[in-house]
Amino acid sequence: MDNIKVLLGKKIKELRKARKYTQEQLAEKVGIGTPNISYFETGKFSPSIETLQKIAQVLNVEVYELYMFQPLKSSEEIKKELVQSMDSDEEILRMLYKFYLSIK
């Protein structure tokens, strides 16, 4: 597994590209030099907490989302997994039903 600096850098790069920002554009919006974005994205350096907050704000995510390294499953995968767990564990079925009633 990659170290956390590398994983964080990959996530920043992924989000930056999804927002169609160049490294230069992101750096300008965050108020840092372009090389810093490159260093963060390659895992060479980690951003300070303040810079991390600015990056999250510019990328329109919460700071904790920068640390969500595994992609979320698709709706179909989630449904399949829930159905399988409900079929095999009655307690999970009951808990899911109680949760469903609480948000209904």
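We number each residue from 1, following the sequence as shown.
Under the salt bridge (charged side-chain N to carboxylate O under 4.0 Å, His left out) criterion, K11 pairs with E14, not counting sequence neighbours. Remark: F45 engages Y39 in a ring pair (Phe, Tyr, Trp, His ring centres under 6.0 Å) (not counting sequence neighbours). With sequence neighbours excluded, no residue forms a salt bridge (charged side-chain N to carboxylate O under 4.0 Å, His left out) with K44. Scored by the side-chain hydrogen bond (donor to acceptor under 3.5 Å, both in side chains) test, T51 finds S48 as partners (sequence neighbours excluded). Residues passing the side-chain hydrogen bond (donor to acceptor under 3.5 Å, both in side chains) test with E90 are R94, sequence neighbours excluded. Considering only residues two or more places apart in sequence or on other chains, E50 meets the salt bridge (charged side-chain N to carboxylate O under 4.0 Å, His left out) condition with none of them. Residues passing the side-chain hydrogen bond (donor to acceptor under 3.5 Å, both in side chains) test with Q84: none are found, sequence neighbours excluded. Not counting sequence neighbours, the partners of V61 by the side-chain contact (heavy atoms from CB on, under 4.5 Å) test are L15, R19, A56, L59, E65, L66. Under the salt bridge (charged side-chain N to carboxylate O under 4.0 Å, His left out) criterion, E62 pairs with no residue at all, not counting sequence neighbours. Qualifying side-chain contact (heavy atoms from CB on, under 4.5 Å) partners for E28, counting only residues two or more places apart in sequence or in other chains: none. Every residue two or more places apart in sequence or in another chain that forms a side-chain hydrogen bond (donor to acceptor under 3.5 Å, both in side chains) with E81 is listed here: K73.
The list of salt bridge (Lys or Arg N to Asp or Glu O under 4.0 Å) pairs with a residue in residues 29-41, not counting sequence neighbours, reads R16-E41.
Neither M95 nor Y97 shares a network with the other; the hydrophobic side chains, linked directly or stepwise wherever heavy atoms of I, L, V, M, F, W or Y lie under 4.5 Å apart, form separate groups for each.
By the 4.5 Å heavy-atom criterion applied to side chains, S46 and I4 are not counted as neighbours. The closest side-chain heavy-atom distance from V30 to N36 is not below 4.5 Å.
How far NZ of K98 is from CD1 of I103: 15.5 Å, rounded to the nearest 0.5 Å. Remark: I37 CD1 to T22 OG1 distance equals 9.5 Å, nearest 0.5 Å. F69 contributes atom CZ, which lies 5.5 Å from atom CG of L8 (distance to the nearest 0.5 angstrom). Considering OG1 of T42 and NZ of K5, their distance stands at 9.5 Å, rounded to 0.5 Å.
When all heavy atoms of F40 and I32 are compared, the closest pair comes out as CE1-CD1, 3.6 Å.
At a threshold of 4.0 Å, the pair K79-E76 counts as salt-bridged, since one of the basic side-chain nitrogens sits closer than that to a carboxylate oxygen.
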